[in-house]
Peer 1: 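The structure is given below, and queries will be raised subsequently.
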2 protein chains.
Amino acid sequence: MTTLPPMIHVVDDDESLRTALLRLLGAAGFEARGYASTGDFLLQPPPDRPGCLLLDVRMPGPSGLDLQATLRCQSNPLPVVFLTGYADVTASVRAMKAGAVDFLTKPVEREALFEALQRALDRDAAQRVARAEAERLRAAFAALTPRERAVFDRIVAGQINKQIADTLGIAERTVKLQRAQLMAKLGANSAAELGRLAERLQHLPD
Amino acid sequence: MTTLPPMIHVVDDDESLRTALLRLLGAAGFEARGYASTGDFLLQPPPDRPGCLLLDVRMPGPSGLDLQATLRCQSNPLPVVFLTGYADVTASVRAMKAGAVDFLTKPVEREALFEALQRALDRDAAQRVARAEAERLRAAFAALTPRERAVFDRIVAGQINKQIADTLGIAERTVKLQRAQLMAKLGANSAAELGRLAERLQHLPD
DNA sequence: GAGACTATTGGACGAAAGGGCAATGGAGCT
DNA sequence: AGCTCCATTGCCCTTTCGTCCAATAGTCTC
């Protein structure tokens, strides 16, 4: 899994500002791409690649806040930094409550912008790691048969094989077999690891 | 552990507004208390009691943001809702980044205020549950001797008693004893539970 | 030094876990 | 029916776990 360099998506209807931002970001070593509107960005779905968004708030058509709300519903949303010319407290609070990394006002200082974008990229990287981890976990559990899953639940509940066999109405030998199978599927080498997996699974968004 | 009803701490230098807010909150069934300044609030440290803060931003002396920053450093900070008469995007973003529940502007609508305060109280309740849980966990682990802790680490790493005895340079018999002791101290009945505890401990802020 | 206390160890026993081998029985396919 | 495939089970064996009683060595207190 080769990690692509991150890309910053700049959505602003002011073309001169947009190109200036792209040039500034490019000069700083960032890969960046511009979009004249929310629709432009949604029409060109970027490949699943590390990055973040730099959004204007007020634009003809859907606003930056609308775009943020839309992206939040999808599976792998990129972190958002807002950059607006209008001092709108309501919008800023709404954006931050919706998870924006920062909400900057034009004219923006170079350092403030870069600092915010870097935080957004860091957050994206962290989210990617966490999502990949969650995905692996989910896939591993999805590979379990219903019976294996039932045995798993009772193991982590502290039951011993005999009790599990009893409550499930199957032979203890079968429990042992399914126990070995589920541990193999989950890549666990001990009951303690099963407990750790159970705890992590429980705390996954679902 | 009897849960006291939550209290809303209103910090605002405008006395007429403050009393109006207290009356409004009282009429809505909230327990509320007023403070004329940040210093007043800090001088009267409220007992550790469920609640939240309703803060003005601009006040003579330390601002609401200063108070928020100070409270964030203590162990059990109450959630903060800001209520300000000045439309200051910079302040609102700073407040939200620092974890404020909401940032409202005067004049505020009744429902918006109550909704924000309710969210703050809900967050406080959730934080209290999480903190109590974390505290219990930490206390349980603090009761372990260094040797028991070492054995615990190796158990959750998947080592069996014989290996643990070998790496620690002690007899297997001793490992068994310490294993039983640490499980008793942690209230665990199975290796799987030890794994769960290890996972939870790892994700505690520390 | 005597006594108390803790940590550690040895030996031993029953229960449980892990796994190999073979048999059973049902579902599905030819 | 004949066949394979797979889940289930019984039997047996070894290893590990959990726990009993007893004993040793070291530390701390009086």
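The chains referred to below are lettered A, B, ... by the order of the sequence lines, with proteins before strands, and numbering in each begins at 1. Just so it is clear, the values below take in all heavy atoms, side chains as well, and ignore hydrogens, waters and symmetry mates.
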Peer 1: Is any N or O donor-acceptor pair between the side chain of A/R173 and the base of C/dG20 shorter than 3.5 Å?
Peer 2: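 Yes, the side chain and the base share a sub-3.5 Å donor-acceptor pair.
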Peer 1: Side chain of B/T145: nearest nucleotide among C/dG18, C/dA7, D/dC17?
Peer 2: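 Selected nucleotide (nearest to the side chain): C/dA7.
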Peer 1: Calculate the interatomic distance between A/D166 atom CG and C/dA15 atom P; express it in whole Å.
Peer 2: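 Checked: the CG to P distance equals 17 Å.
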Peer 1: Let me know, please, whether A/A180 or A/I160 comes out on the 5' side of the other along DNA chain C by nearest nucleotide.
Peer 2: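 The answer here is A/I160.
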Peer 1: For C/dT8, does OP1 or OP2 lie under 4.0 Å from any side-chain N or O of B/Q178?
Peer 2: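 Result: yes.
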Peer 1: So does A/E15 have more than 12 non-hydrogen atoms from other groups sitting under 6.0 Å from CD?
Peer 2: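 No - once you tally the heavy atoms of other residues, nucleotides and ligands closer than 6.0 Å, there are 12 at most.
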Peer 1: Rounding to a whole Å, what distance do you find between B/K162:NZ and D/dG18:C1'?
Peer 2: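 Taking NZ of B/K162 and C1' of D/dG18, I get 16 Å after rounding.
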Peer 1: Give the rounded distance in Å between these two atoms: CG of A/L177 and C1' of C/dA22.
Peer 2: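 So the CG-C1' distance, A/L177 to C/dA22, works out to 14 Å.
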Peer 1: I want to verify a distance call: between C/dT8, C/dA12, C/dG10, whose nearest atom is closest to the B/A171 side chain?
Peer 2: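 For B/A171, the side-chain atoms sit closest to C/dG10.
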Peer 1: Could you please name the option among D/dT8, C/dT9, C/dA16 that lies closest to any side-chain atom of A/R147?
Peer 2: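 The answer is D/dT8, which lies nearest to the side chain.
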Peer 1: Which listed nucleotide (C/dA7, C/dA17, C/dT8) is nearest to the side chain of B/T174?
Peer 2: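 Output: C/dT8.
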Peer 1: Does B/E109 have more than 12 heavy atoms from other residues, nucleotides or ligands lying within 6.0 Å of its CD?
Peer 2: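 No, because the 6.0 Å sphere around CD of B/E109 holds 12 heavy atoms or fewer from other groups.
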Peer 1: To the nearest 0.5 Å, what is the distance between CD on B/E199 and NE2 on B/H203?
Peer 2: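 The CD atom of B/E199 sits 5.0 Å away from the NE2 atom of B/H203.
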Peer 1: Between B/R18 and B/D14, is there a side-chain N and carboxylate O pair less than 4.0 Å apart?
Peer 2: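 No.
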Peer 1: Would you please confirm or rule out a distance under 4.0 Å between OP1 or OP2 of D/dC17 and any side-chain N or O of B/N161?
Peer 2: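 So the side-chain polar atoms of B/N161 do come within 4.0 Å of the phosphate oxygens OP1 or OP2 of D/dC17, strictly under.
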Peer 1: Among C/dG18, D/dC17, D/dT8, find the nucleotide with the atom closest to the side chain of B/E172.
Peer 2: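 Per side-chain heavy atoms of B/E172, the pick is D/dC17.
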Peer 1: Nearest to the side chain of A/I170, heavy atoms from C-beta on, is which of C/dG18, D/dT9, C/dA16?
Peer 2: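 Looking only at side-chain atoms, A/I170 lies closest to D/dT9.
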Peer 1: Would B/K162 and B/D166 count as a salt bridge (charged side-chain N to carboxylate O under 4.0 Å, His left out) here? Give the steps.
Peer 2: CA-CA 6 Å; B/K162 188 186 295 183; B/D166 201 41; over 6 Å; no
Peer 1: As a test of reading the structure: which of C/dA17, D/dT19, D/dT8 is closest to the side chain of A/R179, going by heavy atoms?
Peer 2: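 Among the listed nucleotides, the one closest to the side chain of A/R179 is C/dA17.
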